[in-house]
Amino acid sequence: MPELPEVETIARGLHKRIAGERIQSVWLSEKPEPLKSSPVQIVRVLEGSRIVQVRRAGKHIVFDLERKVRGAGAEAGRGQWVVHLGMTGRLQVALPDSEVSRHTHAIVKLASGREVRFVDPRRFGRLAVTGDSSEGTRGFTAPGDEPLESRSERFVELFRGRKTPIKSALLNQKLLSGVGNIYADESLFRAGIRPRRRACSLTKEHLRNLHRAVQEVLQEAIALGGSSISDYVDAEGNEGFFQLQHRVYGREGEPCSVCTSPIKRIVIAGRSSHYCPHCQK
DNA sequence: ACTATTTCCTGGATGC
DNA sequence: TGCATCCAGGAAATAG
């Protein structure tokens with residue numbers, strides 16, 4: 001389940017491999033449910049465009065595109081191809097004669113002959129394009145704050161006064177974009193805060209600690225190439241290693257790494273949440 | 001304006 | 001062994 005560190009790893013890998021390439025053609029599967037834009041729009045924006053860079057915005061992978069000037073007086077078109085991997089989405093860079101795996105929903109053919117394939121068994125992922133200058137010069141951005149860029153004061157403001165459990169607030173992409181279930185649990189453990197605590201019950205000090213914990217966890221995870229659980233692999237097919245550093249996520253019943261109390265698992269907003277009843281208050 | 005709950009989707013794990 | 005059921009969870013939609 002790709003969250004910020006996994007998406008960052010994938011985006012960096014893709015950038016290294018395909019930045020500068022021109023898109024020749026696009027194939028979309030028969031039943032293109034995982035599309036946020038219409039097939040026509042996607043083809044129109046992608047075909048003939050050059051991939052200037054591949055980057056991450058929240059949990060989205062953004063391909064910044066530049067179109068060739070077509071006809072006199074036409075301005076160079078810009079656009080973005082935006083991919084959300086959902087739970088099980090993958091972007092593969094493949095050679096054209098390699099086997100197309102099941103659940104392949106899109107194939108983007110590049111001028112070099114290679115292909116970028118979007119594969120997603122569970123179909124929670126989404127593809128979209130954004131056009132021209134409508135988004136301004138900055139291009140696509142995630143709806144909430146980037147956790148690695150937000151400063152402490154701003155972070156505190158985001159959560160203060162909210163009645164919802166802090167875990168739910170961390171998962172709310174409109175507040176903070178990029179934190180998912182794993183890193184929410186890991187961050188709360190490091191900050192010593194129980195996931196069910198209401199955000200409004202936390203002091204500024206708590207929230208500052210949480211802000212630091214979120215940034216540390218995300219940065220360490222990026223450094224290790226993300227967490228490989230289920231079948232996550234990056235753009236090169238490599239696994240990440242941050243799952244070895246998980247202190248609470250997926251460790252129900254196991255001893256806490258700090259105090260040896262058994263880790264508890266509860267359900268908040270329909271998601272499993274893991275914490276140490278002794279270390280987290 | 002917020003918050004909580006439901007829905008989508010399929011592979012893998014579990015249970016009888 | 002086989003079949004049914006459950007579970008994972010991001011984010012949009014729906015309900016309160």
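Chain letters run A, B, ... following the sequence lines, proteins first, then strands; residues in each count from 1.
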*Asks:* Side chains of A:Val45 and A:Leu65: closer than 4.5 Å at any heavy-atom pair?
*Replies:*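 Yes; the side chains approach each other to less than 4.5 Å.
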*Asks:* Starting at CD1 of A:Ile268 and ending at P of B:dT6, how long is that distance when rounded to a whole Å?
*Replies:*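 Answer to the nearest Å: 16 Å.
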*Asks:* So do A:Pro5 and A:Phe242 actually touch side chain to side chain, heavy atoms under 4.5 Å?
*Replies:*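 Sidechains of A:Pro5 and A:Phe242: no contact.
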*Asks:* Between A:Asn172 (side chain) and A:Leu176 (backbone), is there a donor-acceptor pair under 3.5 Å?
*Replies:*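 Between the backbone of A:Leu176 and the side chain of A:Asn172 there is no qualifying donor-acceptor contact (under 3.5 Å).
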*Asks:* List the steps and the verdict of side chain to side chain donor-acceptor pair (under 3.5 Å) for A:His274 and A:Asp185.
*Replies:* CA-CA 6 Å; A:His274 314 73; A:Asp185 281 4; 2.8 Å; yes
*Asks:* For nucleotides 3-5 of chain B, print each protein N/O atom paired with a nucleotide N/O atom at under 3.5 Å, atom names and distance only.
*Replies:*
| residue | atom | partner | partner atom | Å |
| --- | --- | --- | --- | --- |
| B:dT3 | OP1 | A:Lys163 | N | 2.9 |
| B:dT3 | OP2 | A:Arg162 | NH1 | 3.0 |
| B:dA4 | OP1 | A:Arg198 | NH1 | 3.4 |
| B:dA4 | OP2 | A:Thr164 | OG1 | 2.8 |

*Asks:* Less than 4.0 Å between a side-chain N and a carboxylate O, is that true for A:Glu205 and A:Arg208?
*Replies:*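 Answer for the salt bridge query: yes.
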*Asks:* I'd like to check A:Asp64 versus A:Ile51 (side-chain heavy atoms, cut-off strictly below 4.5 Å). Are they in contact?
*Replies:*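 A side-chain contact is absent here, since even the closest heavy-atom pair is not under 4.5 Å.
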*Asks:* Without decimals, in angstroms, what is the distance between A:Glu252 CD and B:dA13 C1'?
*Replies:*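 A:Glu252 atom CD is separated from B:dA13 atom C1' by 15 Å.
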*Asks:* What are the two closest heavy atoms between A:Pro147 and A:Leu4, and how far apart are they?
*Replies:*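 Closest pair (atom of A:Pro147, atom of A:Leu4, distance): CG-CD1, 3.7 Å.
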*Asks:* How would you summarise protein contacts on nucleotides 5-12 of chain C per nucleotide, using B for base, S for sugar-phosphate only and - for none, with heavy-atom distances below 4.0 Å?
*Replies:* ---BBBBS
*Asks:* Using a 6.0 Å cut-off, check whether atom NZ of A:Lys281 has over 12 heavy atoms from anything other than its own residue.
*Replies:*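 Yes - once you tally the heavy atoms of other residues, nucleotides and ligands closer than 6.0 Å, there are more than 12.
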